[in-house]
Every structure is written in C-alpha cells, then in structure tokens.
Amino acid sequence: MSARLLSMKEAISQYVDDGDVVAAEGFTHLIPFSAGHEIIRQRKKDLILCRLTPDLIYDQMIAAGVARKLIFGWIGNPGVGSLYGIRRAVEKEQPRPLSLEEYSHFGLLSRLKAGASGLPFMHLRDYDGTDLPAVNGSIRTVECPFTGESLAAVPALRPDVAILHAQRADSSGNTQVWGLLGVQKEVAFAAKKVIVVVEEIVSEDVIRADPNRTLVPGLVVDAVVAEPFGAHPSYAQGYYDRDNDFYLGWAQTSRTAASLEAYLDEWVYGVASREEYVEKYEGELERRLKPQPNLSPPVDYGLYT
Amino acid sequence: MSARLLSMKEAISQYVDDGDVVAAEGFTHLIPFSAGHEIIRQRKKDLILCRLTPDLIYDQMIAAGVARKLIFGWIGNPGVGSLYGIRRAVEKEQPRPLSLEEYSHFGLLSRLKAGASGLPFMHLRDYDGTDLPAVNGSIRTVECPFTGESLAAVPALRPDVAILHAQRADSSGNTQVWGLLGVQKEVAFAAKKVIVVVEEIVSEDVIRADPNRTLVPGLVVDAVVAEPFGAHPSYAQGYYDRDNDFYLGWAQTSRTAASLEAYLDEWVYGVASREEYVEKYEGELERRLKPQPNLSPPVDYGLYT
Amino acid sequence: MRPASLSELMAVAAAREIRDQDVVFVGVGLPNLAVNLARRTHAPDAQLVYESGVYGARPARQPLSIGDPSLATGAIQVMPMAETFTYFLQGGRIDVGFLGAAQIDRFGNLNTTVIGDYEKPTTRLPGAGGASEISWLARRTVILLPQKRNKFPERLDFRTSVGHHTGGGSREALGSKTAGPSRVITNLGVYGFDASSKEMELHALHPGVTLDEVRAEVGWELRVREPLETTEAPEPETLRLLREELDPKGVILG
Amino acid sequence: MRPASLSELMAVAAAREIRDQDVVFVGVGLPNLAVNLARRTHAPDAQLVYESGVYGARPARQPLSIGDPSLATGAIQVMPMAETFTYFLQGGRIDVGFLGAAQIDRFGNLNTTVIGDYEKPTTRLPGAGGASEISWLARRTVILLPQKRNKFPERLDFRTSVGHHTGGGSREALGSKTAGPSRVITNLGVYGFDASSKEMELHALHPGVTLDEVRAEVGWELRVREPLETTEAPEPETLRLLREELDPKGVILG
C-alpha cells in the first residue's frame, strides 16, 4: 500500500525475478544505473527489458547476460553513436541471443500509457507506409467509430517491475521529480511493482508543501531506495550533471566484449553497492559534476482554514 | 504564434463569435467568471457551451440567453444543489430552449483529450448497461484489436474557443497554474483559439525559473487578459478563497428568473469590467477571501554551463 | 450522551464499510465524513482520492465542494483530472466508491439524470458526473441516500449508473471486472445484495426503526435477510468524534 | 575570412529552411545548430521543441544530447514526453521536423533500422526513435545526411519512416495530412522533390562540387532540376556567428 525503505540489494532481490518484464526508465535524465548494476551483480536472467532508449544501462545489462529480449524505441548512445554491447548480442548473439521488439518512441510510450490507464490498447498516428508493422505483430490498426479512418494501435504494456530514479521521496514512496519527466509517471502506473531510487529521503511535509510537484504517490510504490549519485553517469537535475565524458568514453569502453567486461569487473562486480562505487571515484563526481544552485521561486498555495 | 495582451472587452470581441463552441473551463478552481460576464455584456448568442460542470458561470450565461446548447458532465451547484437558471432553460425553455448533450466527467474529458491529441476519438471503460448511449449518439463503441473486448468511444471535441483563468502568465501567454488542474491543459490544446485570464502578468524570467510549472506555452494562446479577482466567486489558489457564501446564496439568487436577472442587472450589466466589479465590493473580496501565505519550498534546477 | 441520531447512524454505518488501507474515491458531505471517521477509528491508513485530482488531502477545514482550495494545500499529490480517472479509477486502484442518487432500483442501478421523460423532464437532475464510471470501475461501491418511496421505485426513470444491472450474472456479462454495489445505507437501515440473485435485501434496521416503516418507503416487494439485525449503536467515543471534532457545527449531520 | 566548408554550407542551407515563427521539432547536432543560426539571423521567433519534453529551451551550453540538463534549466516548459508527442506533434503544432538517416531512397523514405536482412542484420542501426512519427506528422520535414552511394540506394534495406512513399499521390493515399519531405541537404548539395512525381531532384550544388561527384554518390538515375543552381555562399556575418558563437569549438562542424 505504501512503500518500504529498503537497501538496493533487498529491493532487487525481493522485487525482480528471473524472466520478469523490467522497465528501468528515465529519458536521458534520472536513469537508474545503480539498480541496473545491482541486477547484474545478482545475476538475474532471462529478463525482458523495456526502455524507450536502452542507453548505456541496458548496454551493460545485456552485455552482462541478464536479458533475453529487448522492447525499445531507439538504440544508441545519444549524440555519440552505437551501443556495442547490444549490437554484439543482436549481430553475433554474444554473450547470448537477444530478441528485439521495436516500436518508435511514440509507439512505446503509447503502450505504457495504455498500461497505466487500464486500457487494452492505445491508438496513434504512426507507421503507415513503413516496414515496422511487418516485423512487429503488435502494431495493428483500429478503425475510428466516428470518422471511419484507420489508426495504428499498440497493446498495453504492463511491466512486472518499473524502476525509477527521482530527486526525492518520503519514506512512504511519495515521489517528486523536476527537470525532464520522460515517461516516468506512465511506467510507474503501468507496472505491477515499482522501485523508486532517490537522491534523498525527505519528510512527508516537504512533499505536502508542493503537491503539484509529486510524480507518483506511495500508493503505487513498493520499495524506496536512497542512493545519492545513483543515476550516474546519467544525471539528477539540480544534484549533478550528466557525465558526458563517460558517455563519450563508452564508445571506446564498449567497443570490444573484453573491454566492456573489464569495465563491469571493475565498476559493477568490483563494488558491493553504489556507495562503494561513489567512494571509488574519490570525490571526483562531486567535484566534476555538481552544478551551481539555481533555485525556483516559491509559489503560494495559501492557508485555507 | 504567441499571445497578445488585450483587455477583456477586446479579447471577447475578437475571439468569441456568435454560434461558437466555447469551453470556459476550470474545475471548481480558476473558473473564468470575468470572461463569462463579458460574454453576457456583449450579448453573444447561439453559443454551444461546454464544461465538465457548468457551475454558476454557465447558469448565469444561460439565464442571460447567450447559449443554445450545453455539452456537460454534471450540472449542479457543488455541495449546494440545483442550478435553477439551467433548469428553467431545460424544463421551461426560459429564456430560450437549451439542448443538452451529456456525458460523464470521464467521457467529456476524454473528448477533450482526443481533441488535444489530434486523435478522432478516445476510448474508455464506461457506460455499459446505462441509458446514456441511447440518448447520446456520440457515445459509441470500439473493439480492441488485441483482446477483442468492446470499449466505449467518444469523439474528439475541438472547441472554437477555450477560456482559462490562471494565476500568472507572461505577456506572450506562457501560463503557470498550481492547485487543482482540472482539464485546463487538455482544453487549451484542444481548442482552436485560447484566451487566458490571469491574476498577474509576470516577466518571462519568472516562467523560465520553474518550467515544470508551465501549463501551456504562449504558442497555443491567442490573448492574455490581466484581471485580478477575475475568477471570483470561484478562486485562485494562493490569491483568494472560493466565495462559498456566494455559492450558498446562489441557491436563493437563482431561484426565480426575476431574482437571477436582478443579479445580472446589478453585477454584470451594471458594471463595465471586472475592475468595476471588484471596486463595487469596496475591498470586501480582499478582506474576506485573502488567505494567509503558504509558500512552496524552492527546488534546485541547477545552472549547467 | 444522547443516543445516535438517524443521520449519525448512517455516517457510522458508512464508516464501517471502509477497511484499513482502502483507497476511497469520495465526494464531500456524508461520504467524506464517513471516511474521516473510519480513519480516526479502525482504518487509519485508508486513503482518499477526490475526482478533482487530489490524493492524500489533509484539509484544515470541512470542504464545501470537492474542489475546495483546502484540499490542494497540503495534499500528497494534485494532478490533472484525466489522471485521476485513467490512472486511479480505470487503472483499477480504487477499492471503494461512494455514490448518492435520486433513485435506486432493486439491483442497485442508479438514476441521477432526470425525473420524468428524458426529453421533457419534470425535474432535470445533475447527470452522471463521475457516477457512471465510479459505479463501473471501483472495486465495490457503497450507496448512501435518504429512504423515500419515490427514490426506491420499481423502475428507474433513467439508468445513469449500472449496479447489478438486471441481477444474477448480468453485470459480469456486460464485461464488468468489479463487484458493483456492496451496500446501500439509508436513514432507516442497511442493505446488502443477495450473492446469487444480486437483489437488494435489508440486513439491518437502525435502532427504533420498524420493518413496516421501511417497507412503506420501498417501491417493490422488499427482500429481508433473516435474521434481520439492528444496526449496532456506535461507541461513545465514535459519537464524540463525530459531534466534537469531525462535524462540530452539524453542517453535515444536522 | 576563409570560405565556407561543406559542413558549414550544409548548416547554412538547413537554416534557410526555417521560416520565422516556425515551430521546429529538433534533435541535437547539426539540426540544432541550424535552427539556432536561423534564430540569430532571419527567423528570431522560430521555436524549438525537443522530443525529450522541452519547449522554449535556452541552454547555456551546447547540449550533447536532447536530454541535456541545460535544456531544462531556463526553458519555457518542461512536460512529460507523452505530451510532446500527442499535443505538439500529433496535435499538428509542428511546422518542421529534421531527420537524419542511414539510407534514403528517391522518394525520401528513410532507413534507420538495419543494414542487411532484418532478422540477421549486418549492421543493427538505432531504429525509429521519433523518426517515423516526425516524418508522418510534422507539416514538412528536412533531411540532413552525408552523401554516400550506399546511403542513397535504389532500394532501402528497411523502410523506417515514410517520405513520399512510392511517389505521386501515394503518401496522401496512405492518409497523410502533411506534406512530407521538402528538402534533402547533404555535404554536396541541396535537393527538392518534383511537385507531381515527388521524386527527389537536385536543385543546387555546393560551391566547388561537380554534378559528376554527386551522381557518383547516388544509387539511382538522379533527376536534376534545370537550371541547376549553386548553393548561395553565406554572408560573412553568418559564418562569423557559426564559427565564433554557435560552434566555437567546432564540435559539430569539425
């Protein structure tokens, strides 16, 4: 009903099962890397991973062999190039075969929207004249009962587990986010179980002081994990910058299976937790990525007594 | 492309035409009364009025004879009782006949959602086993292309004009709102023309200092009107309270056509503008309805240079 | 302490329908009072959702409407109404919905649209509002209304919200995935629905009310469950909460 | 001042496609640079929409990705991605969309999915992302890509985004309400589409580029519009803006 405060180890072990459909979302912003690393450490397997953009987090997870299928909209390292871990899985079945189910961003977010809304499908204007419906039987059409026109339709997606990173939540899982919002709200309401990882735990009063800022209530959250820098090398608006150097360097790191595995050995298997990962950076993350403050002005909700 | 700052007289005269489909939205909160009064003063006619809850604003407009049709979800004075102006129009065709097209709240907001989204229809789980589809041909069904189940479907609604009240906007129409959000965003994106009435005009920098708070960009707004207390007897969160005494008193004021007309004569036709309306209260609104301040804490967006 | 009035009994009976941790879709007035009473007694973790888009409200005063500013200030979440209807209600996250009505029939179907002919009504009522979807989508519903013969007709003038439809498995046959009405509570007594026929049946009379008084206010041959019970009187502490803290001015309970 | 490089000419030609007050759906890199150049020259009121959910961004630095934090800080509006796609793009509010591709055919259809067989690709490309819907829903699209023969094949390995389909009225026949590709800009020249056949035709060569050089990098019999023009050289002030203010480190233009 309302979330429990857990360690990442506990949260992943209790809420992610082998074979689950897992959506670790966050569009560029707030990507839950620390949760992905724990999934790798716990050697989960046969996961069906969903994300609009798989990003480095899924490149690492797929290279580590936790997944058997990927549902996605766009595979790439934004502004940099390929995700070689995923390409090796697709092109060479290394370390194991990976099946793909692909949409566009609009199509996949429509699937999550339907899942969140308790609807069996969502319709959208897309895919006419493309080859996508021919390779994905889940892209169909529906006829408008008013105009007779045909629209694309995609089925609801209800992941077994959604994992979100956020700036803050209270210990009941009431979660607030600012900056890019991605499809965070949709995936949280669509999923059967939800893990929220936050930069900081705040008191319920902080949440109640700005209720329009709340992304999801604790009602839909199962576990809250507090892990500062848990989104690195992605970012948390106002807390730390995107580590663009890491993203640029990943082109090299991921280029061969050996170099990617060496990274995992050192930075994933080689640490027990995000706390150790941050310590291993010896203060560099703080020094290099902390932005100057830029506070929003308050708004007045008024006291109505 | 971006809005112009106009007086209410100019905005209504330029953007509301006889026969238009008009949606003056705001769910309890931020109901644009001052715009409704100006529509009455300009003696617009044959309007098709849409609102989830017609509220006192449409009771007054319909009693003044500006409308020929009402599209709605629930007609009433919330927590008080009937809207007698609308009942007289429906039950006795006074001052003129009013045709009704009714949905539920969910149904009507789904129509706006479709309109905002560029979709011809929206589907929802509702109306099975009820008499509503029998009296409203715009409630139909659509079959899910995946599960085969039948769902209710309603057509997109694209009002000619949407009128919103908001706490603040800049002079280009970039608009921010807090407190209850109703269907304000949906109706603004659904409508062909949009008038935004605000408590205060702020600089663009105020908007840019908290971009997650923005309801609609100036891109979709045609006219901005600055009118403090423009939502009275409805309210603007943090600016003034709902005038519950007015709502309670309306049961009596609206009980007969004569007493309702006397009200319009004094408070609508009898003043030239919202400014005069507020002056006529001689400071009472300020004294009686101003809440104590209750500021939201800032959040840090960070400076990324 | 004076014994509970009939409207107080109605509030107490409604509060008993709330289980701890229920998520309740609620309007103002009596349902709001009932949920708050439940939260103060046996269901501290029950959560309120208002269709106006508020979750976890903590109002500093009794709200007159579901859109009162006191519901937004200090809430856990204030969201667009579309999300309340799609993510909460249609998304299957509402355990209990409270409904009122101008008319109810023996299967718990409700009329809030018109009295008389639809095209030429003698009384135009508010219409569906959120009722048709709450009745269809909340896991169960509780219906509160005053007991009057013309409000309990043999046939509704209009079916705004579907309850158990024509009884038996007919609601399920329409495609419903939810249980429909579980209780009807009036100022005279408490009703349930027979498990197989889904017809309304009287379970309990409020203290001091007779079966004949109830029958006089029902427009069909009323089923009565045996043994017919008497609504349990509230604890003194419950009455004190109602009278001194939750509705001190008697705005709702008169 | 040294004359414009081919990549600078590409940026300038792209900027010329933006009209004042256009609402542009844009990615990072060259399209972003082109829109910012247009805003600094002839189209000060052009507005940028990023599919990441940002309207009216005013970044204090060159963003590496469309999800850069500098796009959120100081923007006019940051919204859920679903709203960008439904209210802006599908709602018909985008005037111009910029697209890149691994392959383009003579009708402006694009492949960003695979090279080789779909099931056993030699190269797995990123996939559709926002491209299929931008191509279908923006009022017009401008396509930017480097000119290479294997990127301009007779037949696409996969059709990810539909341009003018099979030419003529075929896009409209599919149900499209938008114009489709209006320009293709490469490092060698600028193309339009014939009004009736909708086949791509070369309109202009960048200064110093020959028609034979272009033909060598196109996999079909290329149509050339007469008279074939030469891309107009940018004003010195335009070059200065590009070199000194918009891309001072040469991150995008090399």
Side-chain angles (χ1 to χ4, degrees), chain B residues 1-3 110 112-122 156-158 162 166 168-177 181 183-192 194 202-221 298-305, chain D residues 18-25 39 43-50 52-65 67-95 133-134 136-139 175-178:
Chain B
M1 169 87 188
S2 74
S110 297
L112 292 169
K113 189 111 187 149
S117 302
L119 289 171
F121 75 96
M122 189 58 69
L157 178 57
R158 298 212 53 201
R168 66 189 183 198
D170 65 21
S171 57
S172 306
N174 299 305
T175 302
Q176 295 190 329
V177 164
L181 302 172
V183 293
Q184 309 273 62
K185 188 178 275 195
E186 290 82 358
V187 80
F189 278 96
K192 295 167 194 162
V194 177
V202 296
S203 77
E204 191 180 298
D205 287 345
V206 171
I207 304 293
R208 289 188 183 273
D210 197 356
N212 285 124
R213 191 86 72 187
T214 303
L215 183 84
V216 289
L219 176 66
V220 306
V221 177
V299 298
D300 188 357
Y301 279 91
L303 274 180
Y304 292 92
T305 52
Chain D
I18 315 281
R19 302 168 196 156
D20 200 14
Q21 304 206 335
D22 269 348
V23 181
V24 189
F25 206 83
R39 283 168 56 99
D45 287 331
Q47 298 291 342
L48 278 72
V49 177
Y50 291 92
S52 52
V54 180
Y55 177 81
R58 199 165 58 181
R61 69 185 184 199
Q62 277 282 358
L64 177 67
S65 78
D68 197 82
S70 66
L71 297 174
T73 297
I76 290 288
Q77 184 172 22
V78 178
M79 69 199 108
M81 281 180 77
E83 294 182 6
T84 323
F85 282 99
T86 56
Y87 296 169
F88 282 80
L89 187 56
Q90 192 169 258
R93 297 184 183 275
I94 302 296
D95 296 305
E133 47 258 14
I134 293 170
W136 187 241
L137 295 169
R139 290 216 176 80
S176 169
K177 296 164 180 177
T178 56

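In what follows, every chain begins at residue 1, and chains take the letters A, B, ... in the order their sequences are listed. Everything quoted here is computed from the prediction, not taken from an experiment.
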**Study point:** Among Pro217(B), Ala190(B), Gly118(B), Ser117(B), residue most engaged with chain D (heavy-atom pairs, under 4.5 Å)
**Key:** Ser117(B)
Point to revise | Spacing of Glu83(D) atom CD and Glu186(B) atom CD [to the nearest 0.5 Å] | key: 7.5 Å
Check your understanding: For the candidates Val216(B), Asn212(B), Leu215(B), which exhibits the highest count of non-hydrogen atom pairs separated by less than 4.5 Å from chain D?
Key -> Asn212(B)
Exercise for review: For residues Gln77(D) and Thr214(B), report the shortest heavy-atom separation together with the two atoms involved.
Suggested key: NE2-O, 3.1 Å
Practice item. Please identify each residue that fulfils salt bridge (charged side-chain N to carboxylate O under 4.0 Å, His left out) with Arg208(B), with sequence neighbours left out. Key: Glu204(B)
**Study point:** Heavy-atom contact with chain D under 4.5 Å, split by part of Ala188(B)
**Key:** backbone
Study note, to complete from the structure: Ranked by heavy-atom pairs below 4.5 Å to chain B, first place among Ala60(D), Pro59(D), Gly53(D) goes to Ala60(D)
Exercise for review: Kindly compute the distance separating CD (Gln21(D)) from CG (Leu219(B)), expressed to the nearest 0.5 Å.
Suggested key: 10.0 Å
Review point. Pro69(D), Ala72(D), Ala82(D): which one forms the most heavy-atom pairs within less than 4.5 Å of chain B?
Key: Pro69(D)
Point to revise | Thr73(D) side chain to Tyr301(B) backbone, donor-acceptor under 3.5 Å | key: yes
Study note, to complete from the structure: Bottom line for Ala116(B): the part with an atom under 4.5 Å from chain D's heavy atoms is both
Review point. Phe189(B) and Arg93(D): which non-hydrogen atoms are nearest, and at how many Å?
Key: O-NH2, 3.0 Å
**Study point:** Nearest heavy atoms of Ala75(D) and Pro211(B), plus distance in Å
**Key:** O-CB, 3.2 Å
Exercise for review: Give, as side chain, backbone, both or neither, the part of Asp210(B) having an atom under 4.5 angstrom from any heavy atom of chain D.
Suggested key: neither
Study note, to complete from the structure: Checked Asp68(D), Leu137(D), Val78(D) vs chain B; the most non-hydrogen pairs under 4.5 Å come from Val78(D)
